[in-house]
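Following: one structure in structure tokens, then a few remarks.
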Amino acid sequence: MNETLKRILDLNTAKGNDDRTLEITLNLKPKTANNWKRGLSEGYMKMLPQIADYFDVSVDYLLGRTENPSHEPAEIDENEIRFALYEGEKALLTESDEEEIKNFVRFVVDKRKKETNQ
């Protein structure tokens with residue numbers, strides 16, 4: 001079972017649902033979830049945005065690109081980007097610049113996590 005399907009099924013279980021509840025909620029034919037589990041279909045890949053909305057997680061989380069299920073990016077502490085804000089230069093950066101740096105750090109961290117999990 002691939003990571004995406006495992007996450008979908010784990011989220012469904014955590015929500016207290018069975019396969020049929022998931023199928024009804026997502027307007028799927030009966031036994032669709034069973035076919036996913038048996039590897040007979042990967043139709044869930046076409047439905048990732050709807051599935052992510054239903055479970056209130058990001059598509060990136062479902063795909064295993066991040067361990068953060070939230071739609072919101074992970075918080076990056078200013079201390080974690082101190083290398084970019086070295087002595088005296090921080091005064092030159094706008095709030096927008098700092099946010100761009102944080103977004104880049106998130107990108108690099110998520111990329112590294114993905115590489116190390118493969």
Measure the [atom1]-[atom2] distance between [X] and [Y] for me, rounded to the nearest 0.5 Å.
X   : Y   : atom1 : atom2 : value
N34 : S41 : CG    : OG    : 11.0 Å
N17 : L11 : CG    : CG    : 10.5 Å
Y54 : N12 : OH    : CG    : 6.0 Å

Pair T32-N35, side-chain donor/acceptor within less than 3.5 Å: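 Per modelled atom types, T32 and N35 side chains form no pair under 3.5 Å.
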
Linked, directly or transitively: L22 and M45 (ILVMFWY side chains, under 4.5 Å):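 Yes; M45 is reachable from L22 via cluster members.
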
For E3, all residues meeting side chain to side chain donor-acceptor pair (under 3.5 Å), sequence neighbours excluded: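 With sequence neighbours excluded, E3 shows a side chain to side chain donor-acceptor pair (under 3.5 Å) to R7, given in chain and number order.
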
By side-chain contact (heavy atoms from CB on, under 4.5 Å), which residues pair with [X], not counting sequence neighbours?
X   : result
N2  : T4, L5, E42, Y44
K37 : L9, D19
R65 : D60, L63, K114
T13 : none

Side chain proximity check, D10 to F55, heavy atoms < 4.5 angstrom: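 The answer is no, as the side chains (C-beta and beyond) never meet within the 4.5 Å cut-off.
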
pair V57-I51: side-chain heavy atoms closer than 4.5 Å: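 No, their side chains stay 4.5 Å or more apart.
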
Other residues, nucleotides, ligands: >12 heavy atoms within 6.0 Å of K15 NZ: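 Counting neighbours around NZ of K15, more than 12 heavy atoms of other residues, nucleotides or ligands fall under 6.0 Å, so yes.
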
Non-hydrogen atoms of P49 and K46 that approach each other most closely: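 Smallest interatomic distance, heavy atoms only, reads CD-O, 4.3 Å.
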
Non-hydrogen atoms of S58 and A52 that approach each other most closely: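 So the minimum-distance heavy-atom pair works out to C-CB, 4.0 Å.
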
Salt bridge (charged side-chain N to carboxylate O under 4.0 Å, His left out) contacts touching residues 20-34 (sequence neighbours left out):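 Pairs touching residues 20-34 that pass the test: R20-E23.
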
